[in-house]
Asks: 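One structure, pasted below without further comment.
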Amino acid sequence: MRLVSQNGEFDVPYEIAALSRTENIIRVYVPIVGEKGTVMARYSTDEKAKKVMEMLHRAYHDAVTHDNVSAFRFPKDAEV
């Protein structure tokens, strides 16, 4: 599955990435690149960021369960 940032600038494979949520910001880390983390999405509240992480987990589960190649684009703040 592909992860597409909120603004569409970044697109990374979920399978080689690690994600973290710190308050209202979701970052992705690609260990083989050795980067410090790229902001994939920023939300107005912690609750919205938590909800989006849950949405991501469901999307990945559905993709794996149905053997479906797909992408998850982080929604804009107003869409959460």
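All values below were derived from every heavy atom in this structure, side-chain atoms included, with hydrogens, water molecules and symmetry-related copies excluded.
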Asks: So if you build clusters from Ile, Leu, Val, Met, Phe, Trp, Tyr with side-chain heavy-atom gaps below 4.5 Å, do V39 and V12 land together?
Replies: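 Each belongs to a different hydrophobic cluster.
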
Asks: State, yes or no, whether a side-chain contact exists between M40 and R27 at a heavy-atom distance under 4.5 Å.
Replies: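 In short, these two side chains do not touch, never coming nearer than 4.5 Å.
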
Asks: Kindly indicate whether the side chain of P13, heavy atoms from C-beta on, has any atom under 4.5 Å from the side chain of R2.
Replies: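 Sidechains of R2 and P13: in contact.
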
Asks: Going by atom types alone, do N7 and S5 pair a side-chain donor with an acceptor below 3.5 Å?
Replies: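 A donor-acceptor contact under 3.5 Å links the two side chains.
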
Asks: Should F74 and I26 be marked as a side-chain contact (heavy atoms from CB on, under 4.5 Å) after you check the CA-CA gap, both sets of side-chain angles, and the distance that decides it?
Replies: CA-CA 9 Å; F74 287 88; I26 299 173; 3.9 Å; yes

Asks: How long is the gap from CZ on R58 to CE on M53, to the nearest 0.5 Å?
Replies: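 One finds 12.5 Å between CZ of R58 and CE of M53.
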
Asks: Rounded to the nearest 0.5 Å, what's the gap from CD on Q6 to CZ on R73? Could you check?
Replies: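 Result: 9.0 Å between the selected atoms.
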
Asks: Looking only at heavy atoms, what is the nearest atom pair of K36 and Y29, with distance?
Replies: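 Scanning both residues completely, I find the closest heavy atoms to be O-CE2, 3.1 Å.
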
Asks: Look at the side-chain heavy atoms of Ile, Leu, Val, Met, Phe, Trp and Tyr, link any pair under 4.5 Å apart, and say whether V80 and F72 land in one connected group.
Replies: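 Yes, same cluster.
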
Asks: For residues 42-49, dump all side-chain donor-acceptor pairs below 3.5 Å to protein atoms at least two apart in sequence or in another chain.
Replies:
residue, atom, partner, partner atom, Å
Y43, OH, P75, O, 2.7
S44, OG, D77, OD1, 3.2
S44, OG, D77, OD2, 3.1
T45, OG1, K48, N, 3.1
D46, OD1, N24, N, 3.3
K48, NZ, D77, O, 3.2
K48, NZ, D77, OD2, 3.2

Asks: Determine, step by step, whether Y60 and Y14 satisfy the ring pair (Phe, Tyr, Trp, His ring centres under 6.0 Å) criterion, reporting the C-alpha distance in whole Å, the side-chain angles of both residues, the deciding distance to 0.1 Å, and the verdict.
Replies: CA-CA 9 Å; Y60 183 72; Y14 187 68; 4.5 Å; yes

Asks: Might you work through the side-chain contact (heavy atoms from CB on, under 4.5 Å) test for I16 and V30, ending with a clear yes or no?
Replies: CA-CA 6 Å; I16 66 162; V30 181; 3.9 Å; yes

Asks: Just so I know, are the side chains of D11 and L3 near enough to count as touching, which here means a heavy-atom distance under 4.5 Å?
Replies: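 D11 does not reach L3 side chain to side chain.
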
Asks: I want to check something: taking the side chain as every heavy atom from C-beta on, are L19 and L56 in contact at a cut-off of under 4.5 Å?
Replies: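 Counting from C-beta outward, L19 and L56 do come under 4.5 Å.
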
